[in-house]
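Below, read A as the first sequence line, B as the second, and so on, with proteins coming before strands; counting in each chain starts at 1. We use all heavy atoms of the structure for the numbers below, so side chains are in, but hydrogens, waters and symmetry mates are not.
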Protein chains: 2
Amino acid sequence: MPERKRLTLKDLAAEIDVHYSTVSRVMNPATRHLVAQDVAARILEVAEARGFRPNRIAAGLRTQRSGLVGVVLPDIANPVFPPILAGIESVLAQKGYVPIVVNAGTDKSRQRFIIDQMIGRQVEGLVLATAEREDAVLDYCIRQHIPVVTVNRGEETGRVSCVVSDNLLAMRLTVDHLVGLGHRHIAHIAGPAALSTGFLRREGFVQAVRRHRLRRDAWHVIEAASYSREAGKLACAQLLEAFPAVTAIAAGNDLVAMGCYDLLRERGLDCPADISVVGHNDMPFADALTPPLTTVRIAVHEMGEEAARLLLRQIDKPGSDAVTVQLTPQLIVRGSTAAPRDDAP
Amino acid sequence: MPERKRLTLKDLAAEIDVHYSTVSRVMNPATRHLVAQDVAARILEVAEARGFRPNRIAAGLRTQRSGLVGVVLPDIANPVFPPILAGIESVLAQKGYVPIVVNAGTDKSRQRFIIDQMIGRQVEGLVLATAEREDAVLDYCIRQHIPVVTVNRGEETGRVSCVVSDNLLAMRLTVDHLVGLGHRHIAHIAGPAALSTGFLRREGFVQAVRRHRLRRDAWHVIEAASYSREAGKLACAQLLEAFPAVTAIAAGNDLVAMGCYDLLRERGLDCPADISVVGHNDMPFADALTPPLTTVRIAVHEMGEEAARLLLRQIDKPGSDAVTVQLTPQLIVRGSTAAPRDDAP
DNA sequence: CTGAAAGCGCTTACAG
DNA sequence: CTGAAAGCGCTTACAG
């Protein structure tokens with residue numbers, strides 16, 4: 001069963017007895033009006049009947065537009081990324097673009113290799129979910145003059161467009177909530193400082209506790225090695241050691257918060273009775289944990305949509321300014337936060 | 001800042017003063033040996049220095065190979081799919097292929113539209129995670145003679161290669177476990193019968209209870225409208241109505257199991273004390289639910305890998321036979337299953 | 001309104 | 001070993 005050769009403009013033109021350029025004009029809605037109604041109708045009819053689909057790759061070669069956008073993810077298994085990807089894909093689809101998705105990991109040289117491949121495939125732009133605060137790969141993309149936008153994580157220098165959630169606000173909402181409940185010994189388990197999310201949430205935490213005029217010995221920050229459950233558990237253990245008075249933890253994200261759950265359970269501590277925990281992201285099923293996780297919901301799907309929109313704009317007008325779109329997060333109060341015990345220090 | 005035009009073979013050839021076909025030969029490792037060592041070295045050097053990356057699209061047009069594979073997902077937000085996608089992507093990458101990923105939903109006409117687009121983009125093959133037991137879209141792909149493999153869900157007629165988990169075995173493990181614990185009134189909340197997973201797990205459940213010689217009034221099957229938490233909750237309510245003696249539920253998947261959790265909690269019933277629940281998939285964080293979910297772990301990443309391997313084989317040898325690869329699942333016993341109460345009916 | 005031609009950036013038989 | 005040429009399937013100025 002040999003694969004039947006795909007039809008071409010010429011095949012179709014021969015069948016209808018017109019020049020293939022005429023078929024081309026008809027197949028493209030934008031140029032369809034250039035040909036006589038009846039001819040167009042006949043061509044369309046035959047095209048439909050024979051299931052003709054013009055070769056977009058050949059067209060792209062000619063028009064210098066691939067209709068491809070590269071999406072570079074650090075880890076698609078992390079539950080933040082699928083909805084972001086879905087958002088990207090949905091607006092791309094509306095404009096006839098399609099994403100090429102690669103799981104690039106965290107290794108910068110591998111990321112660069114992948115981006116080179118994508119450029120070789122003529123992607124018209126790139127969405128990076130892998131950006132760090134200082135990112136050689138991002139520098140590389142900029143040098144290549146390829147349209148780029150970062151999503152979820154921002155970038156320091158303002159050279160590229162970014163779509164992020166407001167991390168300062170997130171921590172302010174978190175700390176306000178905790179202080180409002182009566183907590184006076186609050187800690188933050190930060191994500192990696194190399195990532196804008198880790199850096200800014202930490203920054204936001206510090207700003208927030210200062211705003212509440214908490215004394216320096218009433219709050220504490222510790223950094224987790226990564227945004228993972230394991231690293232969160234480890235950091236939580238160190239935190240309890242370093243800051244035993246703690247009654248509330250603002251975790252860098254939900255996975256880190258889960259790590260806290262794991263450790264507290266192991267130590268026989270009750271959440272929220274002994275220690276309150278707040279996450280960040282509101283990942284799927286955060287409500288199904290025990291206790292249901294109080295967390296900051298970020299607009300993941302919108303983040304993807306907006307990133308795609310920004311990128312498309314960048315592609316349309318190459319010179320346009322880089323902008324940062326900051327989406328507003330929302331605190332979702334559930335069962336992992338409560339007032340501290342009366343006998344809390 | 002105009003986008004610097006990308007380099008071409010001709011640009012490079014002009015710079016080095018050789019014919020561009022020579023540059024072409026050097027850029028492709030497979031034909032590199034055709035040119036003199038020193039010339040090749042010089043070309044490679046300049047190519048590296050100038051950051052030349054051959055246009056894969058143009059090459060693909062010439063060689064009739066796009067290096068693209070289409071991946072059609074019903075819903076990337078469903079936690080089964082990201083690891084499958086990761087698996088697909090990883091083996092594709094090894095062979096220089098790249099996936100085009102689209103969230104196609106469940107609507108068949110939209111799926112077909114998307115597949116048409118993908119074919120227009122010259123994908124060399126398709127991985128469908130959207131297959132139903134009788135699937136018009138799959139029929140369409142077969143008529144187009146495009147290499148296809150289905151993943152996670154199988155297909156009835158054996159016309160295409162499938163990679164699935166052994167659903168009959170999964171239910172046998174589940175029922176064995178439940179019966180072993182002493183349960184004598186067991187129910188299954190099945191997924192949609194239109195999907196192979198829903199159909200076969202139901203089948204497996206029935207076979208398993210028969211093997212244990214449970215009397216017909218000692219087991220019950222009810223079908224959920226979809227594989228979702230909400231549908232699971234609804235079905236669970238109906239189940240309690242229809243089969244009040246039930247002490248153990250084999251849920252169609254983990255989301256359905258979560259729906260059961262939701263309903264049981266609402267009714268003030270304890271899991272596992274009043275009713276045991278078993279899921280299917282072992283989705284991320286199934287262990288972090290309360291109680292931790294006993295479930296069947298399927299080899300998701302391997303499933304993706306294997307699907308990609310099968311597809312690549314199909315692409316290499318178009319005529320080759322369709323095969324079904326069945327991966328072996330594993331029961332993961334956690335806290336949602338226990339012996340029934342002594343006073344259970 | 002339609003056709004004929006050039007060309008997008010490659011690969012690869014064919015000469016030499 | 002290297003060059004010159006044809007051609008992959010399109011789009012689009014240019015004629016007529």
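With the nearest nucleotide of DNA chain C identified for both A:Val18 and B:Ile57, A:Val18 has the one nearer the 5' end.
With salt bridges taken as basic N to acidic carboxylate O contacts below 4.0 Å, none links B:Arg6 and B:Asp11. Electrostatic pairing of A:Arg309 and A:Glu306 counts as a salt bridge here, judged by a charged N lying under 4.0 Å from a carboxylate O. Here A:Arg143 does not pair with A:Asp139 in a salt bridge; the nearest charged N to carboxylate O distance is not below 4.0 Å.
Residue B:Ala36 places its side chain closer to D:dT2 than to any other of D:dT2, C:dG3, D:dA6. Here D:dT11 is the nucleotide among D:dA5, C:dG3, D:dT11 with the atom lying nearest to any side-chain atom of A:Ser24. Listed nucleotides D:dC8, C:dA4, C:dG9 differ in distance to B:Gln64; the shortest reach to its side chain belongs to D:dC8. Taking the side chain of B:Val39 as heavy atoms from C-beta on, and the options C:dA6, D:dT2, C:dC10, the nearest nucleotide is D:dT2.
D:dA13: no Watson-Crick or G-U partner with both key distances under 3.5 Å is found in any strand. Across every strand in view, C:dA4 sits unpaired, with no contact that passes the Watson-Crick or G-U test at under 3.5 angstrom.
A:Glu155 places a side-chain N or O within donor-acceptor distance of the main-chain N or O of A:Gly158, the cut-off being under 3.5 Å. B:Glu124 places a side-chain N or O within donor-acceptor distance of the main-chain N or O of B:Gly67, the cut-off being under 3.5 Å.
Rounded to an integer number of Å, the gap from A:Phe52 CZ to D:dC10 P is 5 Å. The CZ-P distance, from B:Arg62 to D:dC10, rounds to 16 Å in whole Å. Here the P atom of nucleotide C:dC8 and the OH atom of B:Tyr20 are 10 Å apart, to the nearest Å. Note: CG (A:Leu34) to P (C:dT2) measures 10 Å, nearest angstrom. The interatomic distance linking B:Leu61 (CG) with C:dT12 (P) rounds to 12 Å, in whole Å. Rounded to a whole Å, the CG atom of A:Leu12 is 14 Å from the C1' atom of D:dC10. Atom CG of B:Leu9 is separated from atom C1' of D:dG3 by 14 Å (rounded to the nearest Å). In this structure, B:Arg65 places its CZ atom 22 Å from P of D:dG7, rounding to the nearest Å.
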Could you write out each protein N or O paired with an N or O of nucleotides 13-16 of chain D at a distance under 3.5 Å?
{"from": "D:dA13", "atom 1": "N6", "to": "A:Arg25", "atom 2": "NH2", "distance (Å)": "2.8"}

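Applying side-chain contact (heavy atoms from CB on, under 4.5 Å) to B:Ile84 and the options B:Ile76, B:Val127, B:Val71, B:Asn152 leaves one that passes, B:Asn152.
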Would you please test A:Val26 and A:Val39 for side-chain contact (heavy atoms from CB on, under 4.5 Å) and show each step? CA-CA 9 Å; A:Val26 172; A:Val39 187; 5.8 Å; no
Check the pair B:Ile315 / B:Arg65 against side-chain contact (heavy atoms from CB on, under 4.5 Å), numbers first and verdict last. CA-CA 10 Å; B:Ile315 289 171; B:Arg65 322 207 71 198; 3.3 Å; yes
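The side chain of A:Thr22 places no N or O atom within less than 4.0 Å of a non-bridging phosphate oxygen (OP1 or OP2) of C:dT2. The phosphate of D:dT2 (OP1 or OP2) has no side-chain N or O of B:His19 nearer than 4.0 angstrom.
Among the atoms of the strands shown, only primed sugar atoms or phosphate atoms (P, OP1, OP2) are found under 4.0 Å from some heavy atom of A:Thr63.
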